[in-house]
Amino acid sequence: MEKPKLKKAVSPFPPSRSKPKPPLTAVPLLRYSDSDMASATVPHTIHAPETGLSLMFDRAYIMINVQPGQTSSVVKALAQIKEIKSIDPCWGKPDIIAMAEIADQDALTQLVLTRLHGIEGVVQTDTHMVYKLAESQTR
């Protein structure tokens, strides 16, 4: 008995002629209205407890997003700031997690909005203050 001949499978899709993908670290073209971008224009968030709760903190975690390809230079700039005690570059968002030791909220505000946002390549920050809640009297 003769074996049946198999037909060659034909794809319903045309052959792929895709262009090579750009490298993951390609720098996007960003335009700002002014060549000297003011720090206040960098998006940021500072998380604090609800109004009325007592604050006692000396530490803050700062999540930093940077322009692609700029992580290394931002890490070097952060290392020059004495209030920054640890710098951890990481995959995904944020690009860098930094821990700062600060005297008070005003010092933190100056650190983030003036110094960190003044670093070339910093796109956005998200700051989390460490605090202790007052012990509750009711149990």
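Bear in mind that the values here come from a model prediction, so they are computed numbers and not experimental data.
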Member of Ile87, Asn65, Ile62, Val122 meeting the side-chain contact (heavy atoms from CB on, under 4.5 Å) criterion with Ile96: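 In the set Ile87, Asn65, Ile62, Val122, the residue that makes a side-chain contact (heavy atoms from CB on, under 4.5 Å) with Ile96 is Ile87.
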What residues, two or more places apart in sequence or in another chain, satisfy side chain to side chain contact (heavy atoms under 4.5 Å, CB included) together with Ser72?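 Ser72 satisfies side chain to side chain contact (heavy atoms under 4.5 Å, CB included) with Lys76 once adjacent residues are dropped.
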Show your reasoning for whether side-chain contact (heavy atoms from CB on, under 4.5 Å) applies to Asp126 and His128. CA-CA 7 Å; Asp126 185 12; His128 299 262; 3.4 Å; yes
Shortest non-hydrogen contact from Arg59 toward Ile102: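 Closest pair (atom of Arg59, atom of Ile102, distance): N-CD1, 4.2 Å.
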In Å and rounded to the nearest 0.5 Å, what is the OG1 to CE distance from Thr127 to Met63?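 It is 8.5 Å, given to the nearest 0.5 Å.
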Just verifying a value: how many Å separate Gln110 CD and Gln105 CD, rounded to the nearest 0.5 Å?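 Reported value, rounded in 0.5 Å steps: 11.5 Å.
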With Glu101 via side-chain hydrogen bond (donor to acceptor under 3.5 Å, both in side chains) - residues at least two apart: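 By the side-chain hydrogen bond (donor to acceptor under 3.5 Å, both in side chains) rule, Glu101 matches no residue at all.
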Hey, are the side chains of Ile81 and Leu116 touching, using non-hydrogen atoms and a 4.5 Å cut-off?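 Ile81 vs Leu116: side chains touch.
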Flag the pair Leu78 / Ile64 as yes when at least one side-chain heavy-atom distance between them is below 4.5 Å, and no otherwise.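 Of all side-chain heavy-atom pairs linking Ile64 with Leu78, at least one is under 4.5 Å.
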Please collect all side-chain hydrogen bond (donor to acceptor under 3.5 Å, both in side chains) contacts where either partner lies in residues 79-92, sequence neighbours excluded, each pair once.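 Only Glu83-Arg115 qualify under side-chain hydrogen bond (donor to acceptor under 3.5 Å, both in side chains).
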